[in-house]
Amino acid sequence: MTVRTRFAPSPTGYMHIGNLRTALYEYLIARGDPDGKFILRIEDTDQKRYVEGATDVIYATLKQVGMLWDEGPDIGGSYGPYIQSERKSLYAEYARKLVELGGAHYCFCSKEEADEEKDEEQNMKFEDPCKRLSLEEAKKRVAAGEPYVIRQTVNKKGKSKYHDEVYGDIEIDYDELDEGVLLKSDGFPTYNFANVVDDHLMRITHVVRGNEYISSTPKYNLIYETFGWTPPRYVHVPPVMKDAQHKLSKRNGDASFQDLVAKGYLPEAIINYIALLGWNPGTEEEIFTLEELEKTFSIERLNRSPAIFDIVKLTWMNGQYIRKLGEDEFAALAKPYITKSLTRKVDIKTLCKVLQPRIETLGAIPEEISFLEHVPEYSTELYLNKKMKTDAAVAAQALDYAVAALEKTTDWNNDVLFAALKGVAEEKGMKNGQIMYPVRIALSGRETTPGGATELAVILGKDETLARLNAARQKLA
RNA sequence: GGUCCCAUCGUCUAAAGGUUAGGACACCACCCUUUCACGGUGGGAAUAUGGGUUCGAAUCCCGUUGGGAUCACCA
């Protein structure tokens, strides 16, 4: 049987990290089968939560990370429509069928009545009086136009058992199952019903979802059973956490996929990182492209315990991806961040060369290069450095020598400049650092900089370099 | 509260009865070096707890503790 998985988000806003990871696992399971299909289905049965444009975010995100789907609302497929609101009549039809089969019943209680009944005692389940209505009676009231919902009927006793691919065998007492609403009074199905009908109709073989569904899965199995359908394989995955107590969530203001991208994280790095949040390859490798994940992924190596999202490790991994980028690729990605904070014309190529090995996110670039625009206010104490054996006096000397040497230099590139300054040090009997260090401070006003003295000089160009050197010399006078 | 799930360094994890409990991030030190990084080398750091079973337990069983989930006309 060919593997068919589905990613079924509800269009309620942004793409969350946990969601994206679920999508990734669904995608990888499908790609593990040469004929496997990854299906995108939009679960918009709750009109109250519908957010305009949210489906576009879903499409854009999946495309951005390279998780292309084989069937979906935009590209169609043999099992459409792939948007639940367009399948509305289908659910009503199946719900009525389920009633006939005894797996559900009409209920005329208002939401308030049901709530009241339940809250009387903490531990009391909702005992639906409508369950005792005869089908004829119920149909009569429906025909009379009385508002109703269709509720699941759970008559079975004993234990419900099923196998989960991650958690193993799960046993839950039928008494624990609540008789939830399957079809709402507005005619839309709830998730509890729509997911079963759609997964069956769309021939889904593997369902990946959060482990909060573990205890409601028996309800779905009951529906499959009543219809005489075969349930899919269940792959419940543990949540992605913000800390030991809280899930990562939009409500907490936790970063979404697009937030991370906006901060300069690369989609490839994000995917790589979240794949490892709850799954491991069994080897000590941890850098994987999507294609490599497609080859390596296996359900068996999925984890059962929650994983805390660690932005620090993601940041490291992002740095690894940035370093792997080709020169031009990096320049293309970095350029917007450079020009955003810089009006001065600089040598972009050299700048990128010093930037690429030391930044971990593209978003760090503006701060990293802010001194290129203006030398910040700084204390002459900066010239004091024990290891370099420099202080303000040495620096004053060094800057004089450096200006003299650099003024004569016409071929403005790193090798030439480095040789020139090194030559000065030798000639004057000074250590390299005694020249380089003061020059670097004079050019940047900062203790640490991307690139050394001569690299900064190349980036700034001859005029600006000499101007800054002279200004610093003034400051030291 | 009932039910279900989970529990190895601070974090992500490996070890599917026999390992000096391994790796990665982070941290520290050293090396490299025109600063800082990158890179390299090394270091400290964990089996929640109490009982079993077994020649032998991180691993199997039971209890305890801690955490999470669920009990919506949300998904």
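Lettering of chains follows the sequences in order, A, B, ..., and the numbering in each one begins at 1.
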Can you tell me the base-pairing partner of [N]? Count Watson-Crick or G-U wobble geometry only, both distances below 3.5 Å, and say none if there is no partner.
{"N": "B:rU33", "value": "none"}
{"N": "B:rG1", "value": "B:rC71"}
{"N": "B:rU64", "value": "B:rA48"}
{"N": "B:rU20", "value": "none"}
{"N": "B:rC27", "value": "B:rG43"}

Is it the case that the ring center of [Y] lies less than 6.0 angstrom away from the ring center of [X]?
{"X": "A:Tyr59", "Y": "A:Trp69", "value": "yes"}
{"X": "A:Tyr162", "Y": "A:Tyr234", "value": "yes"}
{"X": "A:Phe297", "Y": "A:Tyr25", "value": "yes"}

For the residue pair [X] and [Y], would you count it as a cation-pi contact if the rule is NZ or CZ under 6.0 angstrom from the ring centre and within 45 degrees of the ring axis?
{"X": "A:Lys428", "Y": "A:Tyr401", "result": "yes"}
{"X": "A:Lys247", "Y": "A:Phe309", "result": "no"}
{"X": "A:Lys159", "Y": "A:Tyr174", "result": "no"}
{"X": "A:Arg141", "Y": "A:Phe108", "result": "yes"}
{"X": "A:Lys263", "Y": "A:Tyr265", "result": "no"}

Rounded to whole angstroms, how far apart are [atom1] on [X] and [atom2] on [N]?
{"X": "A:Met317", "N": "B:rU13", "atom1": "CE", "atom2": "C1'", "result": "12 Å"}
{"X": "A:Gln84", "N": "B:rA75", "atom1": "CD", "atom2": "C1'", "result": "10 Å"}
{"X": "A:Gln245", "N": "B:rU11", "atom1": "CD", "atom2": "P", "result": "11 Å"}
{"X": "A:Ile322", "N": "B:rA37", "atom1": "CD1", "atom2": "P", "result": "17 Å"}
{"X": "A:Ile287", "N": "B:rC12", "atom1": "CD1", "atom2": "C1'", "result": "13 Å"}
{"X": "A:Glu179", "N": "B:rA72", "atom1": "CD", "atom2": "P", "result": "12 Å"}
{"X": "A:Leu177", "N": "B:rA69", "atom1": "CG", "atom2": "P", "result": "20 Å"}
{"X": "A:Lys184", "N": "B:rC73", "atom1": "NZ", "atom2": "C1'", "result": "6 Å"}

Phosphate OP1/OP2 of [N] contacted by [X] side-chain N/O (<4.0 Å):
{"X": "A:Asn211", "N": "B:rA69", "result": "no"}
{"X": "A:Lys247", "N": "B:rA69", "result": "no"}
{"X": "A:Thr45", "N": "B:rA75", "result": "yes"}
{"X": "A:Arg301", "N": "B:rA15", "result": "yes"}
{"X": "A:Asn303", "N": "B:rA14", "result": "yes"}
{"X": "A:Arg304", "N": "B:rC6", "result": "yes"}
{"X": "A:Lys48", "N": "B:rC74", "result": "yes"}
{"X": "A:Lys219", "N": "B:rC4", "result": "no"}

Determine whether a donor-acceptor pair (N or O, by modelled atom type, separation under 3.5 Å) exists between the side chain of A:Gln434 and the backbone of A:Thr390.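 Not a single qualifying donor-acceptor pair exists.
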Would you check if there is a donor-acceptor pair between the side chains of A:Asn195 and A:Arg209 at a distance under 3.5 Å?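 Yes - a donor-acceptor pair under 3.5 Å links their side chains.
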Please tell me whether A:Glu43 and A:Gln84 have a donor and an acceptor in their side chains that are separated by less than 3.5 angstrom.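 Yes, side-chain donor-acceptor contact under 3.5 Å.
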Let's see if you can work this out: which of [options] has an atom nearest to the side-chain heavy atoms of [X]?
{"X": "A:Ile170", "options": "B:rC5, B:rA75, B:rC12", "answer": "B:rC5"}
{"X": "A:Ile172", "options": "B:rC73, B:rA75, B:rC4", "answer": "B:rC4"}
{"X": "A:Ile308", "options": "B:rC12, B:rA75, B:rA69", "answer": "B:rC12"}
{"X": "A:Glu176", "options": "B:rU3, B:rA75, B:rU34", "answer": "B:rU3"}
{"X": "A:Pro357", "options": "B:rC74, B:rA37, B:rC6", "answer": "B:rA37"}
{"X": "A:Glu212", "options": "B:rU70, B:rU34, B:rC71", "answer": "B:rU70"}

Which part of the nucleic acid, if any, lies within contact of [X], taking any heavy atom under 4.0 Å across all strands shown: a base, the sugar-phosphate backbone alone, or nothing?
{"X": "A:Arg323", "answer": "sugar-phosphate"}
{"X": "A:Ala453", "answer": "base"}
{"X": "A:Cys107", "answer": "nothing"}
{"X": "A:Asn414", "answer": "base"}
{"X": "A:Asn280", "answer": "sugar-phosphate"}
{"X": "A:Met388", "answer": "sugar-phosphate"}

If the [atom1] atom of [N] is compared with that of [M], how far apart are they to the nearest Å?
{"N": "B:rG52", "M": "B:rG66", "atom1": "C1'", "answer": "22 Å"}
{"N": "B:rU8", "M": "B:rG68", "atom1": "P", "answer": "15 Å"}
{"N": "B:rA26", "M": "B:rU34", "atom1": "P", "answer": "25 Å"}
{"N": "B:rA58", "M": "B:rU19", "atom1": "C1'", "answer": "12 Å"}
{"N": "B:rA48", "M": "B:rU59", "atom1": "P", "answer": "8 Å"}
{"N": "B:rG67", "M": "B:rA75", "atom1": "P", "answer": "31 Å"}
{"N": "B:rU64", "M": "B:rU3", "atom1": "P", "answer": "12 Å"}
{"N": "B:rC36", "M": "B:rU20", "atom1": "C1'", "answer": "38 Å"}

Decide yes or no, distance alone: a donor-acceptor N/O pair under 3.5 angstrom between the base of [N] and the side-chain of [X].
{"X": "A:Thr454", "N": "B:rU34", "value": "yes"}
{"X": "A:Thr190", "N": "B:rC73", "value": "no"}
{"X": "A:Tyr213", "N": "B:rA75", "value": "yes"}

Which is more 5' along RNA chain B, the nucleotide nearest A:Asp173 or the one nearest A:Asp44? Just name the residue.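 Its nearest nucleotide lies further toward 5', so the answer is A:Asp173.
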Hey, which of these two, A:Gly451 or A:Leu277, hits RNA chain B nearer its 5' end, going by closest nucleotide?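 So the residue in question is A:Leu277.
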Test log, rule ring-ring contact (aromatic ring centres under 6.0 Å, His included), inputs A:Tyr213 and A:Tyr191: CA-CA 11 Å; A:Tyr213 289 96; A:Tyr191 167 84; 5.1 Å; yes
Which parts of nucleotides 19-33 of chain B does protein reach within less than 4.0 Å, heavy atoms only, written one letter per nucleotide 5' to 3' as B for base, S for sugar-phosphate only and - for none? ---SSBSS------B
